There are 2 protein chains.
Amino acid sequence: MANPMYRQIAESLREQIESGALGPGQQLRTELELREQYGASRNTIRDAIKWLTTLGLVETKPGQGTFVVQKIDPFVTTLTADPKRPGGAEIAVPGEDGYGEVDRSPAGQKRKLTYSDPQIEIQKADGKVAEHLRVAEGSSVISRHQRRYIDGTPWSLQTSFYPMGFVVRGAGRLIEAGDIRDGTVKYLADTLGLRQVGYRNWITVRSPDMTEAGFFSLPQDGRVGVFEILETAFDQTATPMRLTVTVFPTDRNQFIVNVGEVPAEQLITDNT
Amino acid sequence: MANPMYRQIAESLREQIESGALGPGQQLRTELELREQYGASRNTIRDAIKWLTTLGLVETKPGQGTFVVQKIDPFVTTLTADPKRPGGAEIAVPGEDGYGEVDRSPAGQKRKLTYSDPQIEIQKADGKVAEHLRVAEGSSVISRHQRRYIDGTPWSLQTSFYPMGFVVRGAGRLIEAGDIRDGTVKYLADTLGLRQVGYRNWITVRSPDMTEAGFFSLPQDGRVGVFEILETAFDQTATPMRLTVTVFPTDRNQFIVNVGEVPAEQLITDNT
DNA sequence: GGGTATTTGTCCGTATGTATT
DNA sequence: AAATACATACGGACAAATACC
């Protein structure tokens, strides 16, 4: 009896969930019913439910009840692709490159990627952008931002940064709204002779900010994290030519990295 | 007055933290003091602090107080390396391959990797192992498990799986305790002629289980997630020869993926 | 649309337990 | 041993969101 009562109650409910007695989407008994069932006060029941909530096992809906969470069929993105392909990896501004990529879920369905028109701004490079793009902090950069969806559900938020000098040197369409035909990679090669020869993805996980939580409909308490992937693309002189920051919720995204000779992807059903 | 009081109090404290008025590691005023300061009940103050806790901004210590969390200097691991190098990527059983890898933090220090002796078991392949290793579910596999540390702090938990047939065919040392000289990749090449020509990393984020939370000293409420990286290694016939599952806490780990021609790593100080 | 019952959310006060100093 | 500070648990009251008639 070392454990507090609310944890024991949570454990009891957890077993019911993981054994399948309470299936995904199913409603739990109300707090008042559980209060009688376990002989505890309503506040203690609420502590148990709050615990399960932070564990991501249940969610509460005011006026309705408490429900076992549905597991989301995850999106799978391959981070390694042809370094010279327009757009680089699949995650690299596929929208701007006119690619209607398909993402394959573990269950094997093909999915449809859509994206908003790019929202373009001229910004001062903050510390992170300046360091990865190797420009002076505070210098002007072009920012192209998109919201991206798979089958209509919010998938990722992406922002690409380019040095302002690119526009001066002849790549004026970078600051025009609307997609760039054949993508920015080809456009920069054609106009400035900048060939993308490789890129580096820097993968971190952090808590979502308010904008991200809103766009992805994540719980506001920061329980669900987001991947933040910084992709730095390099030209033939090993100089950074683009920084793309993409944010994905961790609860619905997985990534694949292939190295060396690897057979085509097996479609694997994840039954964790 | 749209927001509940505990959220307003949390917001007030959050601003003090993010503005720097309350520095990392610094102690907040006690619940009783805050109760008078904000004119709320102690339970409401506790709700505000609990909210900040799930946001990962503060931590509470019984008998001591509430403190602003320290940001951890993260470990950075490169997932793309020579596919034929013993051990594959840096994350691939470097311990078993006798590599004393160094990890470079954003701040640029070199760090020392240590690891426990492998703990070896014969197990039945569960669904996940069977599918990635492409063996029948329930067939025997060799499991080699290690705890890995950087500078003495827990870094990752790693388990490698090999088909049991490898031992029958002559790779008997796989089931012996202790490190294998020159690593398992070279050992399997020497004994069975299995050359590792590539590998695939499958990156997911999930909540830690009890064992993991204990080893990494993570809060038990599952607030901090863990990376689970499944590395499947392939031999020259494109057959899976090894599955390595590695678990890293997301609060102290970052990953790098290089594609194409990429300059040597810039040491970047992350001042997010 | 309105009203009512149901269910979770917020807030209070109090008492006692447990960990740390 | 004592003081301090957070943790658990109780009970009660009202608010807010939702569903249903």
Side-chain angles (χ1 to χ4, degrees), chain A residues 1-14 17 22 25-69 213-214 217-223, chain B residues 1-14 17 22 25-69 213-214 217-223:
Chain A
M1 286 304 147
N3 280 349
M5 188 188 303
Y6 79 97
R7 293 283 291 272
Q8 295 180 34
I9 295 171
E11 204 52 40
S12 164
L13 291 169
R14 178 196 195 133
I17 291 170
L22 286 168
Q26 194 172 341
Q27 182 170 6
L28 273 67
R29 280 189 271 277
T30 68
E31 293 173 352
L32 294 182
E33 288 171 336
L34 292 172
R35 171 179 140 274
E36 295 184 2
Q37 178 179 341
Y38 287 102
S41 77
R42 184 178 160 228
N43 278 326
T44 301
I45 296 296
R46 282 179 61 75
D47 282 344
I49 288 176
K50 179 168 282 186
W51 181 260
L52 294 175
T53 300
T54 71
L55 289 178
L57 290 174
V58 304
E59 60 187 345
T60 57
K61 301 181 185 175
Q64 300 184 54
T66 305
F67 302 84
V68 180
V69 295
S217 301
L218 299 177
Q220 275 197 306
D221 59 11
R223 220 176 52 246
Chain B
M1 274 310 203
N3 280 349
M5 186 188 306
Y6 79 97
R7 293 284 290 273
Q8 294 180 34
I9 295 171
E11 204 50 42
S12 164
L13 291 170
R14 178 197 194 130
I17 291 170
L22 286 168
Q26 195 171 342
Q27 182 171 4
L28 272 67
R29 281 189 271 278
T30 68
E31 292 174 351
L32 293 181
E33 288 169 337
L34 292 172
R35 172 179 140 274
E36 295 183 3
Q37 178 179 342
Y38 287 102
S41 80
R42 183 174 163 235
N43 277 329
T44 301
I45 295 295
R46 281 180 59 75
D47 283 343
I49 288 176
K50 179 168 284 186
W51 181 260
L52 294 175
T53 300
T54 72
L55 289 178
L57 289 174
V58 304
E59 58 186 348
T60 57
K61 301 181 185 175
Q64 300 184 54
T66 305
F67 302 85
V68 181
V69 294
S217 302
L218 300 177
Q220 274 197 306
D221 58 12
R223 227 175 46 244

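Computed over heavy atoms, backbone and side chain alike; hydrogens, waters and symmetry mates excluded. Nothing here was measured: the structure is a model prediction, and the numbers come from that model. First the proteins, then the strands, lettered A, B, ... as listed; each starts at 1.
At the phosphate of D:dA7, OP1 or OP2 sits under 4.0 Å from a side-chain N or O atom of B:T60. OP1 or OP2 of D:dA19 lies within a sub-4.0 Å distance of a side-chain N or O belonging to A:Q64. Within the structure, a side-chain polar atom (N or O) of A:R46 is placed less than 4.0 Å from OP1 or OP2 of C:dG9. Applying the 4.0 Å criterion to OP1 and OP2 of D:dA5, one finds that B:T66 has every side-chain N and O outside that range.
Checking A:Y6 against A:G63, the closest nucleotide of DNA chain D that is more toward the 5' end is the one next to A:Y6.
Closest to the side chain of A:P62, out of D:dA17, D:dA9, D:dA7, is D:dA17. Each of D:dA9, C:dT8, C:dC12 was ranked by its minimum atom distance to the side chain of A:T44; first place goes to D:dA9. Picking from C:dC11, D:dA7, D:dC10 the nucleotide with the shortest atom distance to the side chain of A:A40 gives D:dC10. Side-chain proximity of A:T30 to D:dG11, C:dT10, C:dT8: nearest is C:dT8.
In this structure, A:Q27 contributes its side chain and A:Q64 its backbone to a donor-acceptor pair below 3.5 Å. Here the side chain of A:Q8 pairs a donor or acceptor atom with the backbone of A:N3 at under 3.5 angstrom. At least one donor-acceptor pair closer than 3.5 Å links the side chain of A:R223 to the backbone N or O of A:T53.
Atoms CG (B:L32) and C1' (C:dA15) sit 14 Å apart, rounded to a whole Å. When rounded to the nearest whole Å, the span between CG of B:N3 and C1' of D:dA15 equals 15 Å. Here D:dG12 presents its P atom at 16 Å from CD of A:E31, a figure rounded to the nearest Å. Atoms CD (B:E33) and P (D:dA5) sit 7 Å apart, rounded to a whole Å. Across the protein-nucleic acid pair, B:K61 atom NZ and C:dT18 atom C1' stand 17 Å apart, rounded to whole Å. Put simply, CZ on B:R35 is 16 Å from P on C:dC11, counting in whole angstrom units. Rounded to a whole Å, the CH2 atom of B:W51 is 13 Å from the C1' atom of C:dT10. Separating the CD1 atom of A:I45 from the P atom of D:dT8 is a distance of 15 Å, rounded to the nearest angstrom.
At a cut-off of 3.5 Å, with distance as the only test, no side-chain donor of A:T44 or A:Y38 sits close to an acceptor on the other residue.
Side-chain atoms of B:R42 and base atoms of D:dA7 include a donor and an acceptor less than 3.5 Å apart.
Heavy atoms of other residues, nucleotides or ligands lying less than 6.0 angstrom from CZ of B:R29 number 12 at most.
Under the Watson-Crick and G-U wobble criteria, each requiring two contacts below 3.5 Å, nucleotide D:dA15 is paired to C:dT8.
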